[in-house]
Protein chains: 2
Amino acid sequence: MARANLSSVVVIEAAADLADREGFAAVTLSALARHFGVRTASLYTHVRDLSALLDSVHELALGELADRIAVAVAGRSGREALVALADAQRDYARQRPGRWAALQRPAATAPASAARLVALTWAVLRDYRLPDAELVHATRLLGATVNGFLSLEASGNFGHRGPTTDVSWRRAIDALDTALRTWPTEGNPA
Amino acid sequence: MARANLSSVVVIEAAADLADREGFAAVTLSALARHFGVRTASLYTHVRDLSALLDSVHELALGELADRIAVAVAGRSGREALVALADAQRDYARQRPGRWAALQRPAATAPASAARLVALTWAVLRDYRLPDAELVHATRLLGATVNGFLSLEASGNFGHRGPTTDVSWRRAIDALDTALRTWPTEGNPA
DNA sequence: GGCCAAACCTAAAGGGTTTAGGTTAGGGGC
DNA sequence: GCCCCTAACCTAAACCCTTTAGGTTTGGCC
């Protein structure tokens, strides 16, 4: 009987593909074993346990996302870069829903790609010339808005009534751009 | 042996409390049965199945949240109302993390409280005098930002370095307020 | 005092994770 | 060319969770 000749990477990628295909909740060691024509227990040779596997999918996805964002923002600046960054995330979330869901899951380990993503974000925000101390708040706002929008969109919580979410998305990006451009002078600065 | 004398509501509330205490993932029919000193199968008298139970927790939480928001925004308007609405959500998310997690789960049924919440939100947004067609986009932005922020905060994705999230939160609300006040004239309106 | 509905039970099937320990395949050293 | 050692894979079994089917008990009401 030919061996499946698995490895960590192969299993992790299969898990990510399974998540994209049938939903994040469907990624299960049993399902993967079935897919490979192997006994469930055999997967423990390549993977510490289920939670470690899901962490690995998270890491894989984060790396891919960082790659996409890197090429999206390359050569752009200001508002254009902001749009590119946000759109890259939205495209990823739509094209790879399972991988994107894996990103929502709090990961036990902070992968290296996380730092890359922060760096890319800061590069985009640099053109807005915020005070240094405000950079982190702006990053958080950006992350919250984009992730929040994509979560609500994915979970169908925006409802199927009303205009397309595409318009809402543009408005959200516009709002972010405005907020960033007018950052220091907003409201009544306490 | 004294009967536990359960009912749907009792089970649902216990599930919500369990979620707050030990995390949403910990709410399991087995755990609830243990808690009541009853066999798991007996719970099926009061609850259709696990997924229906989780939907009910969702509904319970949404009602509670709507209540809180209603009293929070009562008698306030404009920016003050916006802050009250957002803070009420943040308080709820922090004080009832399990119930709040239940809200993230896409519910099979759209509970009546959802409509109440939309109505409350629209009341808050009314003072910003947006064009009618923009109301839905503004609502989505508000929801996305608040939910996104709270998700990232709860999952620890903001990291434990850097300034408190409290400041970031205030900035986020400020940004929303700015976006709402300057809504029609932003960027280059296509 | 008896009956009936609802509350609770036992039993069992089915799926998932995980550990312990055994077998086999295949490549490197002699 | 054979050995042998390692890693890939296996079986077995324990444990937890959900769900269905069908039986028993309890308590209130007529």
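Because only heavy atoms are used, hydrogens play no part in the values below, and waters and symmetry mates are left out as well, while side chains stay in. Every chain is numbered from 1, with letters handed out A, B, ... down the list of sequences. On a predicted model such as this, the values are computed, not experimentally measured, just so you know.
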Checklist entry - So which nucleotide from D:dT19, C:dA20, C:dT17 ends up closest to the side chain of B:L50? => result D:dT19

Checklist entry - For B:A31, which contact category applies under a 4.0 Å heavy-atom criterion: base, sugar-phosphate, or nothing? => result nothing

Checklist entry - B:V38 has a side chain; which of D:dT19, C:dC8, C:dT17 sits nearest to it? => result C:dC8

Checklist entry - Nearest-Å distance, CG (B:L43) to C1' (D:dT20)? => result 15 Å

Checklist entry - Got a salt bridge between B:R170 and B:D174, using NZ or NE/NH1/NH2 to carboxylate O under 4.0 Å? => result no

Checklist entry - Between C:dT18 atom C1' and A:D49 atom CG, what is the distance in whole Å? => result 9 Å

Checklist entry - Counting just side-chain N and O atoms, does B:S42 come under 4.0 Å of either OP1 or OP2 of C:dC8? => result no

Next on the checklist: Considering every strand and a 4.0 Å limit on heavy-atom distances, what is the contact class for B:R34: base, sugar-phosphate, or nothing?
Outcome noted: sugar-phosphate

Item to check | Carboxylate-amine/guanidinium proximity below 4.0 Å for A:D55 and A:R105 | outcome: yes

Item to check | B:F36 CZ - C:dA7 P separation (whole Å) | outcome: 13 Å

Checklist entry - Between B:T40 and D:dT18, does any side-chain N or O lie under 4.0 Å from OP1 or OP2? => result no

Next on the checklist: Whole angstroms only, please: what is the CZ-C1' distance between B:R39 and C:dC8?
Outcome noted: 11 Å

Checklist entry - Given C:dT17, is OP1 or OP2 found less than 4.0 Å from the side-chain N or O atoms of A:T28? => result yes

Next on the checklist: Once you apply a heavy-atom cut-off of 4.0 Å, does A:T45 come out as touching a base, just sugar-phosphate, or nothing?
Outcome noted: base

Checklist entry - Are B:R140 and A:F158 in a cation-pi setup, meaning NZ or CZ lies under 6.0 angstrom from the ring centre and within 45 degrees of the ring axis? => result yes

Next on the checklist: Please determine whether a side-chain nitrogen of the Lys or Arg among B:D166 and B:R90 lies less than 4.0 Å from a carboxylate oxygen of the Asp or Glu.
Outcome noted: yes

Checklist entry - Over how many whole Å does the gap from B:L53 atom CG to D:dT18 atom C1' extend? => result 13 Å

Checklist entry - B:Y44 side chain: which of D:dT19, C:dC9, D:dC10 is closest? => result D:dT19

Checklist entry - Between B:R99 and B:D20, is there a salt bridge with N-O shorter than 4.0 Å? => result yes

Checklist entry - Quick one: B:L32 CG to D:dC16 P, roughly how many Å, whole number? => result 17 Å

Next on the checklist: Between P on D:dT18 and CG on B:L54, what's the gap in Å once rounded to a whole number?
Outcome noted: 9 Å

Checklist entry - Separation of A:R48 atom CZ from C:dT17 atom C1', in whole Å? => result 13 Å

Checklist entry - Does a nitrogen or oxygen in the side chain of A:H46 sit under 4.0 Å from OP1 or OP2 of D:dA7? => result no

